[in-house]
Novice: 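Before I ask anything, let me first share the structure, which is written out below as structure tokens.
None of the values given here were measured: they were computed from a predicted structure.
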Amino acid sequence: MTPELQPLPWRSIVRGVVIVYIVAFVAGLVLATVGITPQTDPGLYPLISLLVGVIGVAVALHVADTTRPACLVAMGVGIWLLSVTSVLVGAQSLADWLQSSISIAATMLLGRLLLSITLGEPIQSPYAPIVRSMTQTRRNV
């Protein structure tokens, strides 16, 4: 018997994309207000942007209430496609937008890891039940 694939929760994915985009946008405005820009702080700005993005992804995944890899990929693709607006307004070149897929993938993976760490959910190996059953002692009472 093959396991039946569940449909993707598209509303949750769209909501997650919007959450990540709004968090990043607001953080960008706050950083610009404080005076931290890519031109003035070329070392600090990318780290802060990555941290804000990771936190946004963790919040979005928590709201979506799923951590399925397919949902994570769909959310990452949605964020990447929505970020094409920076090309349309002239803030980024098309080549930079295409290269941003690497940083978006890293942000998605780190956000998923942060979600697991903050919720205390251990990431389990598929072999965990086998190992637990092998380490249990059996007593004859």
Novice: Which heavy atom of Val87 sits nearest to which heavy atom of Ser93, and what is that distance?
Specialist: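 Shortest heavy-atom contact: CG2-O, 3.8 Å.
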Novice: Is a side-chain N or O of Thr40 found less than 3.5 angstrom from the main chain of Ile36, in a donor-acceptor match?
Specialist: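 No; zero donor-acceptor contacts below 3.5 Å.
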Novice: Which heavy atom of Ile104 sits nearest a heavy atom of Ser83, and at what distance?
Specialist: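 Heavy atoms of Ile104 and Ser83 come nearest at CD1-OG, 4.3 Å.
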Novice: Would you sort out whether Leu61 and Val57 count as a side-chain contact (heavy atoms from CB on, under 4.5 Å), showing the intermediate values?
Specialist: CA-CA 6 Å; Leu61 287 174; Val57 169; 3.9 Å; yes
Novice: I need the Asp96 CG to Ser103 OG distance, nearest 0.5 Å.
Specialist: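 Asp96 CG to Ser103 OG: 10.0 Å, rounded to 0.5 Å.
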Novice: Same hydrophobic cluster for Val52 and Phe25, using side-chain heavy-atom links shorter than 4.5 Å among ILVMFWY?
Specialist: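 Different hydrophobic clusters.
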Novice: Any side-chain heavy-atom pair from Gln92 and Ser100 closer than 4.5 angstrom?
Specialist: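 Yes. Closest side-chain heavy atoms under 4.5 Å.
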Novice: Let me confirm one number: the CE-CZ distance from Met75 to Arg112, rounded to the nearest 0.5 Å.
Specialist: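 If we round to the nearest 0.5 Å, Met75:CE and Arg112:CZ are 11.5 Å apart.
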Novice: Is the closest side-chain heavy-atom distance between Leu50 and Val54 below 4.5 Å?
Specialist: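 Side chain of Leu50 against side chain of Val54, heavy atoms only: contact under 4.5 Å found.
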Novice: Please check if atom CD1 in Ile102 has more than 12 non-hydrogen atoms from other residues, nucleotides or ligands closer than 6.0 Å.
Specialist: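 No, CD1 of Ile102 has 12 or fewer neighbouring heavy atoms, counting only those of other groups under 6.0 Å.
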Novice: Before giving the answer on side-chain contact (heavy atoms from CB on, under 4.5 Å), spell out for Ile19 and Val59 the whole-Å C-alpha distance, their side-chain angles and the decisive distance to 0.1 Å.
Specialist: CA-CA 8 Å; Ile19 288 170; Val59 169; 4.1 Å; yes
Novice: Decide yes or no for Thr85 and Tyr21: does some side-chain heavy atom of the first lie under 4.5 Å from some side-chain heavy atom of the second?
Specialist: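 A side-chain contact under 4.5 Å exists here.
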Novice: Not counting sequence neighbours, list each pair that qualifies as a ring-ring contact (aromatic ring centres under 6.0 Å, His included) and has a residue in residues 71-93.
Specialist: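 Checked against ring-ring contact (aromatic ring centres under 6.0 Å, His included) - neighbours excluded - the pairs reaching residues 71-93 are Trp80-Trp97.
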Novice: Quick check for you: to the nearest 0.5 Å, what is the distance between Leu110 atom CG and Leu114 atom CG?
Specialist: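 If we round to the nearest 0.5 Å, Leu110:CG and Leu114:CG are 8.5 Å apart.
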Novice: Does any non-hydrogen side-chain atom of Ile55 lie less than 4.5 Å from one of Val23?
Specialist: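 Val23 vs Ile55: side chains apart.
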Novice: Answer yes or no: is there a donor N or O on one side and an acceptor on the other, between the side chain of Ser12 and the main chain of Val63, under 3.5 Å?
Specialist: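 No; zero donor-acceptor contacts below 3.5 Å.
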Novice: Passes side-chain contact (heavy atoms from CB on, under 4.5 Å), Val73 versus Met108? Steps please.
Specialist: CA-CA 8 Å; Val73 169; Met108 297 303 292; over 6 Å; no
Novice: Hey, could you give me the CG/CG distance between Leu31 and Asp41, rounded to the nearest 0.5 Å?
Specialist: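 Atom-to-atom, Leu31:CG and Asp41:CG are 9.5 Å apart.
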